[in-house]
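Before any comments, here is the structure.
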Amino acid sequence: MAWFTRFVNSMRPRLPNDERGRMRAVANNLILHLHPTRVPAPALQMRRTWGLGGISALLTVILVLSGILLMFRYDASIERAYQSIQFLETAVPFGSLLRAIHHWSGNLLVITVTLHLVRVFFTGGFYGPRRSNWIFGLALLLLVLFFNFTGYLLPWDQLAFWAITVGVGLLDYVPLLGEAMATFLLGGREVGQAALRNFYALHVAVLPALLMLMLSYHFWRVRKDGGIALPTPSGPVEKLTTIPHLVGIELGVALLTLTALLGFAMLVPAPLEELANPAHPPNPAKAAWYFLGLQELLLHMHPLAAMLLSGSVMLGLAAVPYWDRDEAAIGIVGRSARGREAGLVGFLLSLLITPSLVVIDEWWLDLPSLLPTWSTLITNGVLPLALSLAGLALIYALLRYPLRARPSEALVGLFSFIGGALVVLTVVGVFLRGPDMVLMWP
Ligand code: HEM
């Protein structure tokens with residue numbers, strides 16, 4: 001049997017004999033399952049990715065770990081949820097810090113994933129085989145938003161109860177499926193015990209499992225598609241070993257993120273208002289901040305029109321890889337100098353036009369009373385929707401022809417316009433809407 005023992009031993013990975021050497025070998029092995037052994041030197045430049053995908057991945061891990069710890073104290077019943085959070089805040093050692101870390105990581109994740117999407121768009125990270133990862137990424141973004149949304153209800157305070165009531169109310173306006181989706185999510189028609197149980201199960205079991213699966217696929221695809229988007233090289237490209245070059249940078253970024261997050265969580269506790277009171281809506285009742293752009297849109301047009309406009313933007317994002325096939329521009333920020341110019345023009349235009357339209361619609365323009373014989377579905381829905389879509393088409397044409405931008409460069413301008421508009425609408429929703437959602441100075 002000696003030959004058999006020799007055979008089995010030959011199959012064993014050759015690990016160093018000392019404890020530290022063995023640990024290092026295992027860690028390196030793990031890293032090389034995620035990364036290739038060598039990476040092109042330009043991929044290590046910070047300006048290529050700003051580390052945003054990695055930071056998002058790190059935040060996901062922090063969320064899962066802190067979430068597991070929170071589960072030991074949290075009680076998903078409408079009688080005890082609020083008290084369990086209060087207990088955690090006041091009586092559990094480091095409970096308040098743990099909750100703040102979880103809360104702020106969740107909010108930061110929405111920001112970093114959105115910025116990662118913007119980075120991928122600007123560097124043409126969706127060209128060629130990366131197309132499917134772009135579309136898959138959009139599903140990831142929606143999942144991250146939904147993940148956050150389900151967590152929002154759990155503290156069962158006034159903020160949670162009413163933000164979810166308003167948020168799920170938005171679903172009612174989704175054509176055909178909206179009402180069924182809202183009923184399914186709430187386990188009925190109201191935010192109550194069934195809703196809390198459903199949100200809890202989704203938040204701690206279904207969505208983390210789905211996110212882990214989807215992220216594994218996302219990372220696998222990044223490797224399979226040849227890593228991050230880089231400009232096509234004109235000559236041979238130097239390759240550096242992942243360990244220590246890439247891993248060193250990743251550790252540095254992770255350390256900075258952790259320090260900033262911990263510092264922030266120590267200074268700013270997670271909010272907790274008074275116990276949820278279904279009979280007393282706060283004034284104004286606002287959705288979670290990342291849905292306030294949509295809520296703001298609803299103040300200006302029929303809900304169906306607002307949903308169709310947001311849906312068209314999402315569809316437009318999914319169509320980006322089919323619309324822009326300027327593959328020679330891969331890795332070049334904004335495709336070219338002209339593309340960057342178009343991006344700046346689009347962004348500045350949105351900073352000018354969006355607030356102006358908000359103010360005009362709030363104080364001066366009232367289409368239903370200007371056209372009293374027309375149905376409000378037309379004056380408040382069809383007309384604003386058609387005007388908004390026509391406005392977007394006009395901006396694209398303006399960039400395309402007078403500025404003589406190629407389709408891919410004009411698209412950079414249009415993307416910047418829509419991004420800018422979303423930022424303006426969100427800022428207005430968060431800071432400039434007071435009681436009865438009236439526009440006011442903060
Ligand atoms: C939790 C969410 C997400 C995580 C953790 C994540 C993570 C990552 C990481 C680590 C990379 C490698 C490069 C880098 O560090 O930036 C990457 C690349 C990529 N991501 Fe994501 N991502 C997420 C969401 C998204 C979204 C929302 C999109 C777009 C809609 C997207 C599209 C892509 C594409 C196309 C690539 C490959 C192209 C390139 O990097 O240039 N990802 N992602």
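First listed ligand is number 1; within each ligand, the first listed atom is number 1. Being a predicted model, the structure only gives us computed values, none of them experimental. Below, all heavy atoms of this structure are taken into account, side chains as well, without hydrogens, waters or symmetry copies.
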Could you walk me through whether R338 and R404 pass side-chain contact (heavy atoms from CB on, under 4.5 Å), step by step? CA-CA 9 Å; R338 165 112 352 133; R404 289 209 213 97; 3.8 Å; yes
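- With no hydrogens or angles considered, a side-chain donor-acceptor pair links H35 and E250 at under 3.5 Å.
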Worked check of side-chain contact (heavy atoms from CB on, under 4.5 Å) between L170 and M307: CA-CA 9 Å; L170 300 182; M307 287 292 163; 4.0 Å; yes
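- The closest protein non-hydrogen atom to atom 25 (C) of ligand 1 is H116 CD2, 3.3 Å.
- Heavy-atom contacts of G54 reach the following atoms of ligand 1: 10 (C), 15 (O) (cutoff under 4.0 Å).
- Here the protein heavy atom with the shortest distance to atom 40 (O) of ligand 1 is R119 NH2, 2.9 Å.
- Looking only at protein heavy atoms, the nearest one to atom 9 (C) of ligand 1 is G53 CA, 3.7 Å.
- Scanning the protein heavy atoms around atom 35 (C) of ligand 1, the nearest turns out to be G125 O, 3.4 Å.
- With a 4.0 Å heavy-atom cut-off, ligand 1 is reached by the side chain of F219 but not by its N, CA, C or O.
- Here the shortest heavy-atom distance to atom 1 (C) of ligand 1, taken over L58, T112, L115, V113, belongs to V113.
- Minimum heavy-atom separation, R119 to R48: CD-O, 3.2 Å.
- Relative orientation of the W104 and F264 rings is perpendicular, given thresholds of 30° and 60° on the angle between their planes.
- Under a 4.0 Å heavy-atom criterion, R221 is not in contact with ligand 1.
- Side-chain N/O atoms of S56 and T112 include a donor and acceptor closer than 3.5 Å.
- Interface atoms of ligand 1 facing L141, defined by a heavy-atom separation under 4.0 Å, are 27 (C).
- Under the 30°/60° scheme for interplanar angles, the aromatic rings of F415 and F121 are found to lie parallel.
- Nearest non-hydrogen protein atom to atom 4 (C) of ligand 1 is L215 CD2, 3.7 Å.
- For ligand 1, the atoms lying closer than 4.0 Å to a non-hydrogen atom of A229 are 39 (C), 41 (O).
- At a threshold of 4.0 Å, the pair R38-E238 does not count as salt-bridged, since none of the basic side-chain nitrogens sits closer than that to a carboxylate oxygen.
- Under the 3.5 Å distance criterion, with hydrogens and angles disregarded, a donor-acceptor pair is assigned to the side chains of D326 and S408.
- Look at V222 and you'll find a heavy atom under 4.0 Å from some atom of ligand 1.
- For atom 28 (C) of ligand 1, the closest non-hydrogen atom of the protein is G137 CA, 3.4 Å.
- With a 4.0 Å cut-off on non-hydrogen atoms, L138 touches ligand 1 through its backbone as well as its side chain.
- In this structure, the protein non-hydrogen atom closest to atom 33 (C) of ligand 1 is H218 CE1, 3.3 Å.
- In this structure, W134 counts as a contact residue of ligand 1, since one of its heavy atoms falls inside 4.0 Å of the ligand.
- Residue, atom and distance of the protein heavy atom nearest to atom 13 (C) of ligand 1 are I228 CG2, 3.3 Å.
- For E409 and S336, the side-chain atoms include at least one donor-acceptor pair closer than 3.5 Å.
- With respect to R406 and D324, no salt bridge is recorded, no charged nitrogen being found less than 4.0 Å from a carboxylate O.
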